[in-house]
Amino acid sequence: MYFCAKDTYIMTIVTQIKLATEEAIKHIFPETDLESAVITINQTKPEFTGDYTIVLFPFVKLLKQKPDIIGKQIGGYLLDKTNLFSEFSIVSGFLNMGVRDEYWATFLLNHYNNTQYGVMPKGDKRVMVEYSSPNTNKPLHFGHLRNIFLGFAMAEVLKANGKQVIKGNLINDRGIHICKSMVAWMRYGNGATPEKNGQKGDHLVGDYYVKFNDIYKGEIAELKEKGMEEAQAEKEAPIMKEAQALLRQWEAGDKEVRSLWEMMNSWVYAGFDITYKRLGIDFDKMYYESNTYLLGKNIVEEGLQKGVLYKKEDGSVWVDLTEEGLDHKLLLRGDGTSVYITQDLGTAKLKYNDYKLDQSIYVIADEQNYHMQVLKQILKKLGEPCADGIYHLSYGMVELPTGKMKSREGTVVDADDMIDEMVSLAQQQTEQAGKTEGYTPQELTQLYETIGLGALKFYLLRVDPKKKMIFNPQESIDLHGFTATFIQYAHARICSILRKENLPLLPDNKHFQSFKLSLPISKAEKNLVLALEQYPFILEGAADEYNPSSLCNYSFLVAQLFNTFYDEHSIGKAENEEKKQLRLMMIVMTAMVLRNAMHLLGIRLPEKM
RNA sequence: GGCCCGGUAGCUCAGCUGGAUAGAGCACCAGCCUUCUAAGCUGGGGGUCAUUGGUUCGAAUCCAAUCCGGGUCACCA
């Protein structure tokens, strides 16, 4: 019992210790009924001997014994009755358990090339992760990148945890914003197209959006000079009136307006696709607001019938959420037209019906926390089955040292520019390090992309999503320390050793079948295996807490432990064949775990750098 | 003002379902390449975990109040 079996379902060592401890207590103190929650297992601090520590204080009151006595009995029982441990010691209320070296050796033999290590078998839960969801009037900026990387990573992490995941993208392709770009293009474009201008379509359309706002500002200033109030001027500016007229024409289905709209949107999509492709980002389902913006009205009608919603004298429809600790919220204007949240109600239901979703995750910035809360509560109140599955994966916005990014004011860090900068930084550093030998030009290009994009993604994913970020464009993103580069480098070092040993990245099961452990495992070796064993726990946590950043922290730790191990021990020229085999298994598994973890974040690891 | 989120080393952040002397990275200082990739390793300095009180054998972690920063409370999206 209590030995890791070769199986897809892995019981972590911590779980095994917990169960064994529970059993020990039940056996030694049959009178007590013990809640397993009071058993806390921690990794033993480096200054003490042992691998995992059982905290004894919680038992003191329960068992009415001194911690040392309890510890001695539990420790003794665990040593005798399981084959997990080789030793134990008690230091001031902490029971430090030393796990047998054979456990780690068996663990390595069983999992060193198990590419599914930590991955849960696919279940039947369906989850949609909606992310990116851009407007079609401007190119993507740095803030979108955080959203996109987070959404992609979350989707992949959930897949690895056995969920059936649909990656969704709800494109905001209609409304006043796109009409603004259209007006400016009609006025000042002279028939400009991405082809003619040699410009990415999203950038071209974005330029006209900025142009619109420049002109708009000018017109407001002019009107104010003539003595008009600011608020009035904002409404009366001719270019704004044109944009609004255009929106009305669009809604009326005007053919010319629609075809201009389609053309300009198609430019934007082509531009987005280039960026998504370069970033390795994909989607399973695109939703367009031009198709969904009228949804939701019938849900509101039903709600009215049921008496869940109420109508005011002017004909507007409202929901009372004061019982839920929220406010009254408008759902339909007096003229019967819908507001933003109305279509969100409809879209939530649409998604649910399209895929029979168990859960629907929205990756949206934290400025919409209230909105998302309201959305969920309304659906709940209306008795819509999609309500319970709604989860807002809220993340802090990316700001500049000077404050928020404003696309209207052109103070945004453009996503494509940022990508280019990171890739060229990767090139500079590679050249500086003199590591450009032995590649074809294509391979070098590929390598710079891998390093540059890796650094960018890692930078945006390594922080807890809910924390806001301040990005200083003056200071470029580092390629040392807590970075993707560090992890990539550890991986490349491992691959280099494997090449020298004529081993593939994943040697098959025959390679180490003659391995037998007879020598003690060193501290540096142990630290690394211990960390590798924890991967399933980390992966599960990333899903449960909706926080992929834990994979960054974990991978960095593993790479760090590998580097220390690598510095201390020779692998190719190990002391003897046994050590060599042990260490080869360790590095094979290290590289595999790093690859798997980073793969979930969309970060590639080169075999050479 | 109501509600929500954040405040940990000079800077960027882990740790937060309570457990041993609070950890990384950057920056700074001192070492380590005739040996598997030095994009690395080892060591050092640097802290009133915003403040105060409470719960507890034990609090950065839980509770309350206060201070600071941000978000939100639109017939905008």
Side-chain angles (χ1 to χ4, degrees), chain A residues 37 40 42 44-45 47-48 53-58 60-61 67 91-94 96 135 172 174-177 289 293 312 314-318 325-335 337-344 365-371 373-374 394 396-397 399 403-404 426 429-430 432-435 451 455 459 462-464 466-472 475 478-490 492-501 545 549-550 552-554 556-557 559-560 562-574 583 587 608-609:
Chain A
T40 42
N42 297 322
T44 305
K45 302 262 180 244
E47 53 270 37
F48 303 101
T53 297
I54 302 162
V55 186
L56 297 170
F57 298 108
V60 173
K61 219 180 252 173
V91 185
S92 56
F94 295 91
N96 300 325
N135 291 0
N172 195 347
R174 53 137 249 131
I176 192 72
H177 52 84
E289 284 202 5
Y293 83 109
K312 278 195 182 177
D314 63 357
S316 57
V317 180
W318 296 72
L326 304 169
D327 233 321
H328 291 256
K329 185 87 190 166
L330 177 96
L331 297 181
L332 283 180
R333 295 189 184 100
D335 61 7
T337 56
S338 38
V339 290
Y340 183 56
I341 198 149
T342 320
Q343 60 176 295
D344 276 357
D366 60 9
E367 60 181 356
Q368 297 208 38
N369 283 356
Y370 183 74
H371 173 83
Q373 222 183 323
V374 168
S394 166
M397 309 236 273
E399 294 178 16
K404 274 190 169 184
Q429 302 248 346
T430 307
Q432 227 169 58
K435 299 194 175 187
I451 297 172
Y459 181 84
R462 67 184 197 180
V463 187
D464 184 335
K466 68 171 172 288
K467 292 200 176 173
K468 75 169 182 196
M469 299 184 77
I470 295 172
F471 175 67
N472 190 346
E475 300 161 12
D478 210 336
L479 300 184
H480 301 271
F482 186 32
T483 62
T485 316
F486 185 95
I487 294 160
Q488 290 169 326
Y489 185 63
R493 278 176 143 182
I494 291 174
C495 293
S496 169
I497 298 168
L498 295 177
R499 272 195 301 275
K500 294 219 160 102
E501 296 298 321
E545 279 147 46
S549 77
S550 51
C552 292
N553 290 312
Y554 171 77
F556 178 65
L557 173 74
Q560 239 177 354
F562 164 76
N563 281 331
T564 303
F565 158 86
Y566 172 91
D567 197 63
E568 209 150 301
H569 300 298
S570 182
I571 295 133
K573 290 177 192 146
R583 289 174 191 162
I587 66 169
K608 223 170 95 182
M609 69 187 278

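Treat the numbers as computed from the prediction; the structure is a model and nothing was measured. In the text below, chain A, chain B and the rest are named by the order of the sequence lines, each starting its count at 1. Only heavy atoms go into these numbers, but all of them, side chains included; no hydrogens, no water, no symmetry mates.
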Using only modelled atom types and a 3.5 angstrom limit, is any donor from either the side chain of A:Asp344 or the base of B:A77 paired with an acceptor on the other?
no

Look at the side-chain N and O atoms of A:Thr44 and state whether any lies under 4.0 Å from the OP1 or OP2 oxygen of B:A20.
no

Would you indicate what A:Phe486 reaches in the nucleic acid, counting non-hydrogen atoms under 4.0 angstrom: base, sugar-phosphate, or nothing?
sugar-phosphate

Could one point to a donor on the side chain of A:Lys435 or the base of B:U37 with an acceptor on the other under 3.5 Å away?
yes

Would you indicate what A:Ser394 reaches in the nucleic acid, counting non-hydrogen atoms under 4.0 angstrom: base, sugar-phosphate, or nothing?
nothing

Does B:C36 have a Watson-Crick or wobble mate here (both distances under 3.5 Å), and if so which one?
none

Counting only Watson-Crick pairs (N1-N3 plus N6-O4 or O6-N4) and G-U wobbles (N1-O2, O6-N3), all under 3.5 Å, who is the partner of B:C41?
B:G31

C1'-based separation of B:C68 from B:A50 [nearest Å]
7 Å

Just to be sure I understand the rule, does A:Val463 reach a base, reach only the sugar-phosphate, or reach nothing, if contact means heavy atoms closer than 4.0 Å?
sugar-phosphate

Does B:A39 have its OP1 or OP2 closer than 4.0 Å to a side-chain nitrogen or oxygen of A:Tyr489?
yes

Can you tell me, in whole Å, how much space there is between the C1' of B:C13 and that of B:A60?
15 Å

Taking the six-membered ring of A:Phe562 as reference, does the NZ or CZ atom of A:Arg493 fall below 6.0 Å from its centre and within a 45° cone about the axis?
no

Are A:Lys312 and A:Trp318 in a cation-pi contact, defined as NZ or CZ under 6.0 Å from the six-membered ring centre and within 45° of the axis?
yes

Has A:Lys467 got a side-chain N or O lying under 4.0 Å from the OP1 or OP2 atom of B:G7?
yes

To the nearest angstrom, the CZ-P distance between A:Phe48 and B:A20 comes to 9 Å

How far, in whole Å, is B:C75 from B:G71 if one measures between their C1' atoms?
23 Å

Hey, is the side chain of A:Ser496 poking within less than 4.0 Å of OP1 or OP2 on B:U37, counting only N and O atoms?
yes

Below the 4.0 Å mark, does B:U72 have OP1 or OP2 next to a side-chain nitrogen or oxygen of A:Asn369?
no

Using a strict threshold of under 4.0 Å (side-chain N to carboxylate O), is an ion pair present between A:Asp464 and A:Lys466?
yes

Earlier contact from the 5' end, RNA chain B, for A:Phe556 and A:Arg493:
A:Phe556

Going from OG1 on A:Thr342 to NZ on A:Lys329, what distance comes out if it is rounded to the nearest 0.5 angstrom?
9.5 Å

Between A:Phe94 and A:Phe48, is a ring-ring contact (aromatic ring centres under 6.0 Å, His included) present by the stated rule, with each step listed?
CA-CA 10 Å; A:Phe94 295 91; A:Phe48 303 101; 7.7 Å; no

Same-atom distance (P) from B:G7 to B:C49, integer angstrom:
14 Å

Examine B:U37: is either OP1 or OP2 under 4.0 Å from a nitrogen or oxygen in the side chain of A:Lys500? Give yes or no.
yes

Pair assignment for B:G1, Watson-Crick or G-U wobble, requiring both distances under 3.5 Å:
B:C73

Within the structure shown, what part of the strands sits under 4.0 Å from A:Asn135 by heavy-atom distance: base, sugar-phosphate, or nothing?
nothing

Less than 4.0 angstrom between a side-chain N/O of A:Gln373 and OP1 or OP2 of B:U72, yes or no?
no

For B:C63 versus B:A38, give the span between their P atoms, rounded off to a whole number of Å.
48 Å

Start at the 5' end of RNA chain B and walk down; is the nucleotide closest to A:Phe565 or to A:Ile176 reached first?
A:Phe565

Checking all strands, does A:Gly572 fall into the base, sugar-phosphate, or nothing category for heavy-atom contacts under 4.0 angstrom?
base

Taking any heavy-atom pair under 4.0 Å as a contact, classify A:Ser550: base, sugar-phosphate, or nothing.
nothing

Can you tell me how far P in B:C26 sits from the matching atom in B:C36, rounded to whole Å?
24 Å

Taking a pair as Watson-Crick or G-U wobble with both distances under 3.5 Å, which nucleotide is matched to B:C26?
B:G10

For B:A14 and B:U8, measure between their P atoms and round to the nearest Å.
10 Å

Has A:His480 got a side-chain N or O lying under 4.0 Å from the OP1 or OP2 atom of B:G40?
yes

Please tell me if A:Lys573 has a side-chain N or O lying less than 4.0 Å from either OP1 or OP2 of B:C36.
no

Candidate nucleotides B:U12, B:A39, B:A20, ranked by approach to the side chain of A:Arg462 - the nearest:
B:U12

Any luck finding a side-chain donor-acceptor pair between A:Asn42 and A:Thr53 under 3.5 Å?
no

